[in-house]
Amino acid sequence: MNHPLPLAPPDASHGAINEAQLLDTQRAFDSVAPDYDGPRGNNELIQRMRVQLWDTVQRELPIGSRLLDLGCGTGLDAIEFARRGYGVLATDWAPQMVERTRARAAASGLASQVATAHLGVQQLDRLSGEFDGIYSNFGPLNCAPDLAAVATECARLLRPGGKLVFSVIGRLCPWELGHYAIRGRFRRAAVRWARKPMAVGMNRHVIWTRYYLPREFHRAFASHFALSSYRALSLFLPPPYLVEFYRRHTKGCERLGRLDDRFGGWPLLRDMGDHFLIVMQRR
């Protein structure tokens, strides 16, 4: 899930994301499925983070492993992993996204390596089988009603020693804080620190999402998974929704990207950034 602009309404609901909010989220992603491969879902900054997840999965799991994709979107990640020699079951809560993934796999000649299922992260109890690794890119798990339930199901579906590789929208994004604070939009700058689901506007629809610090996120998985590593994504670089700034200052931003690569895994710094990339291993 790319990170659109939060609406931060004063009446956002408390507690867990509920069924009505899940349906809001489904409709929002269905509405953008036809053009999600464009700037909204795969601009230069998104693609840079996407490649980091690809390479991390390949470092953690040998070629030929069976992978489960949670929130596959239009299938860009699933197709890339199939090209690299993995087998993938690609799932998404939005049926139009699943259709896009299925069509992309067929058009790429990779349908034998990429299976699809219309399934949300809250429905993993409907799956059977065993996987070597599970990945999720750009925040589908920020929309999960119950992370602990997701962790339990991931542990059931993974072989012993299997890996989770998740890209998650973080709480502390220095770029976002600065971007809105200098405009005097202090309430907007503090949106990620809300402890309740927040409404996120996309294409005249609403996505309901939560934000996490890395160790806060891991706590929901800790009884089943050891924390292997985590790092910041888009810490020095601007977040993807500021891609126009990146395009105006490409050379300077490329230097910032090198700082991301060098320092994004350092203590303290790795707790910041637009997203974080976390790796966990089944106990």
Side-chain angles (χ1 to χ4, degrees), residues 1-10 12 14 16-17 43 45-46 48-50 52-53 56 71 136-144 147-148 150-151 164-202 207-222 225 227-243 245-246 252-253 255-280:
M1 181 182 79
N2 182 26
H3 178 47
L5 297 179
L7 300 173
H14 292 269
I17 295 170
N43 65 45
L45 292 167
I46 293 171
R48 196 178 195 281
M49 290 195 284
R50 195 183 292 280
Q52 288 179 290
L53 180 132
T56 299
S136 183
N137 211 358
F138 297 114
L141 292 171
N142 291 87
C143 301
L147 272 184
V150 172
L164 304 178
V165 183
F166 295 152
S167 171
V168 182
I169 305 170
R171 279 197 186 278
L172 182 55
C173 178
W175 264 92
E176 185 166 296
L177 287 169
H179 177 73
Y180 288 106
I182 63 176
R183 289 161 175 77
R185 298 179 61 185
F186 300 109
R187 289 185 63 187
R188 172 60 187 82
V191 158
R192 295 191 187 215
W193 291 97
R195 295 291 177 175
K196 59 190 177 182
M198 299 302 292
V200 174
M202 187 168 71
I207 300 164
W208 290 91
T209 188
R210 289 179 174 274
Y211 302 92
Y212 298 97
L213 292 170
R215 290 189 177 274
E216 176 185 22
F217 182 87
H218 175 250
R219 278 199 296 270
F221 291 80
F225 294 91
L227 177 60
S228 298
S229 66
Y230 66 93
R231 63 171 297 116
L233 298 177
S234 278
L235 168 59
F236 296 98
L237 277 168
Y241 58 84
L242 295 179
V243 68
F245 178 91
Y246 171 86
C253 284
R255 288 193 287 271
L256 295 178
R258 290 192 287 273
L259 292 178
D260 268 359
D261 295 339
R262 183 172 181 181
F263 298 116
W266 282 29
L268 299 180
L269 292 179
R270 63 185 178 178
D271 293 298
M272 297 182 274
D274 183 60
H275 284 64
F276 57 87
L277 184 64
I278 188 167
V279 181
M280 296 175 277

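As the structure is a prediction and not an experimental result, all values here were calculated from the model.
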| request: Check for a donor-acceptor pair, side chain of Trp208 on one end and backbone N or O of Cys143 on the other, with a separation under 3.5 Å. | output: no
| If you measure from CE on Met202 to CD1 on Ile207, what distance do you get to the nearest 0.5 Å? | 3.5 Å
| request: Go through the side-chain N and O atoms of Asn43 and Tyr241 and say whether any donor and acceptor fall under 3.5 Å apart. | output: no
| message | Please find the pair of heavy atoms, one from Leu277 and one from Thr56, that lie closest to each other, and give the distance. | response | CD2-OG1, 3.3 Å
| task | Please tell me if the side chains of Arg171 and Glu216 come closer than 4.5 Å, counting only heavy atoms from C-beta onward. | result | yes
| Side-chain touch His179/Pro239, heavy atoms, less than 4.5 angstrom | no
| field | Rounded distance [0.5 Å steps], OH in Tyr212 versus CD1 in Ile278 | value | 12.0 Å
| remark: In short, Leu53 meets Ser136 closest at the heavy-atom pair CD1-O, 3.7 Å
| request: With rounding to the nearest 0.5 Å, note down the distance linking CG in Leu213 to CE in Met272. | output: 10.5 Å
| field | Closest non-hydrogen atom pair, Pro197 against Arg210 | value | CD-NH2, 3.7 Å
| said: Please report the interatomic distance CZ(Phe276) to CZ(Phe217), rounded to the nearest 0.5 Å. | reply: 5.5 Å
| request: Could I get the full list of side chain to side chain contact (heavy atoms under 4.5 Å, CB included) partners for Ala194, not counting sequence neighbours? | output: Lys196, Met198
| Is the number of heavy atoms from other residues, nucleotides or ligands within 6.0 Å of CH2 (Trp266) greater than 12? | no
| query | If you measure from CG on Leu177 to CG on Leu172, what distance do you get to the nearest 0.5 Å? | reply | 6.0 Å
| field | Close side-chain approach of Cys173 to Arg192, heavy-atom, < 4.5 Å | value | yes
| request: Report the residues that fulfil ring-ring contact (aromatic ring centres under 6.0 Å, His included) with Phe166, sequence neighbours left out, ordered by chain and then residue number. | output: Phe221
| query | In Å, rounded to the nearest 0.5 Å, how long is the span from CG of Leu164 to CE of Met280? | reply | 5.0 Å
| said: Would you say that more than 12 heavy atoms from the other residues, nucleotides or ligands in this model lie under 6.0 Å from the CG of Leu268, or not? | reply: no
| said: Which residues pass the side chain to side chain contact (heavy atoms under 4.5 Å, CB included) test with Arg48, not counting sequence neighbours? | reply: Gln52, Leu237, Asp260, Asp261
| Within 45° of the ring axis of Tyr180 and under 6.0 Å from its six-membered ring centre, is that where the NZ or CZ of Arg185 lies? | no
| request: Answer whether the closest heavy-atom distance between the side chains of Leu256 and Trp175 falls below 4.5 Å. | output: yes
| query | Is it true that a side-chain atom of Asn142 and a backbone atom of Ile169 form a donor plus acceptor pair closer than 3.5 Å? | reply | yes
